[in-house]
Amino acid sequence: MENNLPSQYSPKEIEDKWYRFWEESGFFHSEPSSSKKPYTIVIPPPNVTGVLHVGHALNNIIQDILIRWKRMQGFNVLWMPGTDHAGIATQNVVERELSSKNIKRQDIGRERFIEEVWKWKQQYGSTIIQQLKKLGSSCDWQRERFTMDEGLSAAVKETFVRLYRKGLIYKGKYMINWCPRCRTALADDEVEHEEHEGHLWHIKYSFKENPQQHIVVATTRPETMLGDVAVAVNPKDDRYKDFIGKTLLLPILGRELPVVADDFVSPSFGTGAVKVTPAHDPNDFAIGMRHALPSIVVMDEDGTMNINAGDYNGQDRFECRNALVEDLKLRKHIDRIIPHKHSVGHCYRCKTVIEPYFSNQWFVKMRPLADAAILASLNKSVTFYPERWEKVYLSWLDNVRDWCISRQIWWGHRIPAWYCDDCGAISVSTEDINQCTKCNSPRLKQDEDVLDTWFSSALWPFSTLGWPKETPELAYYYPTSTLVTDRGIIYFWVARMVMMGIEMVKQVPFSHVYIHGTILDEQGRKMSKSMGNGIDPLLMIDRYGADAVRFSIIILTTEGQDVKLSESKFEMGRNFTNKLWNAARFIFMNLNEENPEEIAYDITTLPFEDKWIHNRLNTTIEECTASLDQYKFNDAAMKMYDFTWHTFCDWYLEMVKHRLNNANNRIDKKNAQTTLAIIFGKTLHLLHPFIPFITEELWNNLTRIAQHNKIALQIGVTASCSLVTSWWPIFSKQFADDTSEHIMPVLQDIIRAIRNIRCKMDIKDKQRLKAVISYPRDFVYDLHEHTNLLKRMANLEELDMGIELQKPSHSASEVIGNLQVFVLLAGILDPLAEKDRQLKHLKQLENHLTIIRRKLNNENFAAKAPPQIVETERKKEDELQVQIEKVKHILLNIG
RNA sequence: GGGCGAUUAGCUCAAUCGGCUAGAGCACUUGCCUUACAAGCAAGGGGUUAUAGGUUCGAGUCCUAUAUCGCCCACCA
């Protein structure tokens, strides 16, 4: 049988080969079935414009681990994939592309523009899907959906109409957030507030009757003064009491402004006098309403000043600000300018400064929906991991305001509402209509606006399963199991899915929400395109392999904590996959037989080290499964790493080498081979959800080689051709072995001690030594049967052991618990080095004893601590005393 | 202004219900290309758990305050 694996693992061909095989075999595809339990995850749909970044990578690695693990556990697993049409983002991309050809979207009109967007989607929309495949994501690609496809569009219309009829969607004129660049309204949470070093301009407004006298108002946005209709002061403010009802003149424009009294104004901020611009500020709008003031719009939708701005007509809002301030200075209207830090809202898509804008928009009435979502969390229908995010979710829902859902862009779900030219009624319908539902007039116009992208995202867990149709998929997979996402979209997405799921399907969309951390750069900063501090996961996959990328990221990610990432971190995963690869090379090489024979394998009669490794793996399986159950992915990964590398490779492989080379004992050799194959096979199963490619490759090699050499790989289970559809290892009592669990660590300590002496005495590894082990009369285990193992692992030519043996002359010694190990070093013993070692050990022991005695000498300790703890401390004290005596005795002999 | 998280070895992070001498990976020291692996092997060194108090028999872990960093929320011009 061939074993021509190279000594370094190269992932490239292997990854592509297996991914193709998995997909072609239909392993990722799921159909509703009555016999198996479902486990379902809906992917957070990436934007069609998206390119895979490390954040996506982390998000999808976690989902894939859960999905692969549950699939192996026997669930009928569905990972529902798809992409989001990302209204503004996608429209921006296509607009930019057109503008490079000197075309504006207005030039070609709505219909043709949307055609262009679809064309763009055909061409580039699957980029991120291809990249997710590179990572190994085992989504059911046959079910891939898109938020703008027919079925999902139907779900959007159905939802809109139902909410409208229930009075939960309404249209009205309100102050909203306006992005002058995107020329659309935005929801409150689509505005990013940023601390900004601005100014507080103090401007003098003179009285009409007495131009010598003035009131100073303070503003951060002087350009809006062109729309001023009043000046407000607090009615209790003595400074201004007498001026209430008087008239001021707006500088430059000369407009007459009444001085009004309003409780909103805080006397302690600024000058205590506020200019009132109802058309351009939400607070001023409220003041305007209270005092029946007019509203003067001075700015257009694109942020340029309009005709009401007088000479500034046509200027950009910031250009106007500068010019206006200069003019005010010239006319001596500026009282003073002070630096002022304040937060400024920016568009979350294009970073343009947001304008408060008064306009007619569609809203979702949130209170009733939010209350249901709050209840779902309080009664644990939806549980957050880590649980602290529940508070974040709840506090948003507690304070939620109505959601502005209309967007003045073209790419998206057009609002299914029609206006009648004759009777003015609004008709709302899931189907396109050509008659007014009230007066039957055919003179109808559909609303020009589209819905917020998050409106369709909110329906994702059920719209992808066929809702509003009552499909078998919806019945079987809904509600889904776990949602895996980033804390950044708890409001945007998670809360809204819960609300819509409850309202539309009458069931929460998922029972668990796992919120993972954010990946940061080496210095703890967010990764961003503009900073150029991002790490490209595809480049990392290219350099280190997808498995290494997956494993490295997962082992760094503790539950919900942010991760500082740098390229060097991937070496860890690469080294691990390489280690696994080389362990496989060794195993495969040693399973080969020219004339393989079948020999029965019985765990109860196996050698000590075989029982030990079975037991260790058994425990590891139990612990890893428990960690995964609690979403502690890094914990599971670390345990697997430790078992694979430091238990299996470092110790077990070294222990069995001689058996594999011993042709004289056929049965023992076969047992060693079989144990190797079984343990390695199970380890590959355990690791598969984390590192799917290399494990699949090695498993396939292993099954082939094992079959050829007549080695039974499973005990009581049938082998599978692929790990994807194979079984998840389970803890089994038949592998438990207390004896080896206790003795092996003792043997390892002895071996380490001898190696340590070797090292400290500068003795070559190759030189074989003589050693003696002395143990007390009451020592419970018989070490004699491990003589050969000890001799091989410590490279000894002779090993004697017995009860209370004397220290041989010219020997180095080591106290290990209640045993003593002596290494005979006639002629090579360095007494100074030996004394050094013993003194160091003595100091350690004494320090430890001090700590123990401090506890035991405390009366309250014995009185109040649990008896077992007191007991163990007592035992430790005794043991330490004995050990210290022994070390002291040794030191005395050295002199 | 409010809320949340973090602060542990030189670096990046663990540590279950408060209980074993606080553990890994990287880096470091010493010796090894030993027939799976130098992306490796063997043996080591390295800690006042941010600071100050408190609760407790016992605190990295619980409480209070302080400091520093980060994130989120908030209409005071």
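The shown structure was predicted, so the numbers you read here are calculated from the model rather than taken from an experiment. To find a chain, count down the sequence lines: A is the first, B the second, and so on, and within it residues start at 1.
Inspection of the A:N177 and A:D188 side chains reveals an N or O donor paired with an N or O acceptor under 3.5 Å. Side-chain N/O atoms of A:T224 and A:K275 include a donor and acceptor closer than 3.5 Å. Side-chain contact check for A:R659 and A:N662: no donor-acceptor pair (N or O, by modelled atom type) lies under 3.5 Å. For the residue pair A:T277/A:D228, the side-chain donor-acceptor check at 3.5 Å is satisfied. Between the side chains of A:E834 and A:Q838, a donor-acceptor pair is found at a separation under 3.5 Å. With hydrogens and angles left out, the side-chain atoms of A:H646 and A:D650 include a donor and acceptor closer than 3.5 Å. For the residue pair A:E190/A:Y348, the side-chain donor-acceptor check at 3.5 Å is satisfied.
Taking the ring axis of A:F586 as reference, the NZ or CZ atom of A:K657 stays within 45° of it and closer than 6.0 Å to the ring centre.
Within the nucleic acid shown, A:K764 comes within 4.0 Å of sugar-phosphate atoms alone, with no base atom in reach, counting heavy atoms only. A:T219 comes within contact range of the sugar-phosphate backbone alone, with a heavy-atom separation under 4.0 Å but no base atom that close. Base contact: A:F264 has a heavy atom under 4.0 Å from a base atom. If you check every strand for non-hydrogen atoms under 4.0 Å, A:R525 touches nothing. In this structure, A:W201 reaches neither bases nor backbone, as no heavy-atom distance under 4.0 Å exists between it and the strands shown. Using a 4.0 Å heavy-atom criterion, one finds that A:D650 contacts the sugar-phosphate atoms exclusively. Across all strands shown, A:R221 has no heavy atoms under 4.0 Å from either base or sugar-phosphate atoms. Residue A:E859 is classed as having no contact, given no heavy-atom separation below 4.0 Å to the nucleic acid. Residue contacts shown for A:G517 are absent, as no nucleic acid heavy atom lies under 4.0 Å away. If you check every strand for non-hydrogen atoms under 4.0 Å, A:V265 touches a base. Residue A:N858 is in sugar-phosphate contact alone, with no base atom involved, counting any heavy-atom pair closer than 4.0 Å across all strands shown. Within the nucleic acid shown, A:A863 has no heavy atom closer than 4.0 Å to any nucleic acid atom. Residue contacts shown for A:H646 are limited to sugar-phosphate atoms, with no base heavy atom under 4.0 Å away. Counting any heavy atom pair closer than 4.0 Å across all strands shown, A:K564 reaches sugar-phosphate atoms only and no base atom.
For A:N795 and B:rA42, the CG to C1' distance is 12 Å, given to the nearest whole Å. The distance between atom CD1 of A:I587 and atom P of B:rC37, rounded to the nearest whole Å, is 14 Å. Atom-to-atom, CE of A:M640 to C1' of B:rG25 comes out at 18 Å; the value is rounded to the nearest Å. If you measure from atom CG of A:L653 to atom P of B:rU35, you get 16 Å, rounded to the nearest angstrom. Between the CG atom of A:L676 and the C1' atom of B:rA36 there is a distance of 11 Å, given to the nearest Å. Atoms CG (A:L394) and C1' (B:rC4) sit 14 Å apart, rounded to a whole Å. In this entry the distance linking CD of A:E522 with P of B:rG10 reads 18 Å, nearest Å. Separating the CD1 atom of A:I515 from the C1' atom of B:rC4 is a distance of 14 Å, rounded to the nearest angstrom.
A distance of about 32 Å separates the C1' atoms of B:rG31 and B:rC20, rounded to the whole Å. With both ends at atom C1', the span from B:rU16 to B:rA74 equals 37 Å, rounded to whole Å. B:rU21 and B:rA65 are spaced 32 Å apart, taking the C1' atom of each and rounding to whole Å. Across the C1' atoms, B:rG45 and B:rU7 are found 25 Å apart, a figure rounded to whole Å. Distance check on atom P: B:rG19 versus B:rU61 gives 11 Å, rounded to whole Å. Comparing B:rA9 with B:rU49, their C1' atoms are spaced 10 Å from each other, to the whole Å. A distance of about 10 Å separates the C1' atoms of B:rA14 and B:rU8, rounded to the whole Å.
Listed nucleotides B:rC41, B:rU12, B:rC37 differ in distance to A:N582; the shortest reach to its side chain belongs to B:rC37. Candidate nucleotides B:rC71, B:rA43, B:rA36 were compared by shortest atom distance to the side chain of A:C759, and B:rA43 ranks first. In this structure, the nucleotide among B:rC13, B:rC37, B:rG44 sitting nearest to the side chain of A:N756 is B:rG44. Candidate nucleotides B:rG40, B:rC73, B:rA36 were compared by shortest atom distance to the side chain of A:Y491, and B:rC73 ranks first. Candidate nucleotides B:rC71, B:rA39, B:rC4 were compared by shortest atom distance to the side chain of A:K526, and B:rC71 ranks first. The listed nucleotides are B:rA39, B:rC4, B:rA36; the one nearest the side chain of A:R574 is B:rA39. Listed candidates were B:rA77, B:rC32, B:rC4. Nearest to the side chain of A:H340 is B:rA77.
Of the listed residues (A:L556, A:L58, A:L520, A:D521), just one forms a side-chain contact (heavy atoms from CB on, under 4.5 Å) with A:L565, and that residue is A:L556. Residue A:Y544 is tested with A:K569, A:E571, A:E567 for a side-chain hydrogen bond (donor to acceptor under 3.5 Å, both in side chains); the sole match is A:E567.
Distances shorter than 4.0 Å separate some side-chain N or O of A:N575 from OP1 or OP2 on B:rG40. Within the structure, a side-chain polar atom (N or O) of A:K391 is placed less than 4.0 Å from OP1 or OP2 of B:rC4. Residue A:W651 places no side-chain N or O under 4.0 Å from the OP1 or OP2 atom of B:rC41.
For A:E571 and B:rA39, a side-chain-to-base donor-acceptor distance below 3.5 Å is absent, hydrogens and geometry of angles not being considered. In the interface, the side chain of A:N860 is not paired with the base of B:rC57 through any donor and acceptor atom under 3.5 Å apart. The base of B:rA42 lies outside donor-acceptor range of the side chain of A:R755, with no N or O pair under 3.5 Å.
The shortest distance between side-chain heavy atoms of A:I354 and A:W178 does not fall below 4.5 Å. Residues A:V392 and A:F384 have side chains not in contact (no heavy-atom distance under 4.5 Å, counting atoms from C-beta outward). Using a 4.5 Å heavy-atom cutoff, the side chains of A:T644 and A:L580 are in contact.
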Counting primed atoms plus P, OP1 and OP2 as sugar-phosphate and everything else as base, spell out the protein contacts along nucleotides 14-23 of chain B at 4.0 Å heavy-atom distance: B, S or - for each nucleotide, 5' to 3'.
S----BSB--

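RNA chain B contains the following stems of three or more consecutive Watson-Crick or G-U pairs, with both distances under 3.5 Å: B:1-7 with B:67-73, B:10-13 with B:23-26, B:28-32 with B:40-44, B:50-54 with B:62-66.
A:F648 and A:F643 have parallel rings, their planes meeting at less than 30° on a 0 to 90° scale where 60° marks the start of perpendicular.
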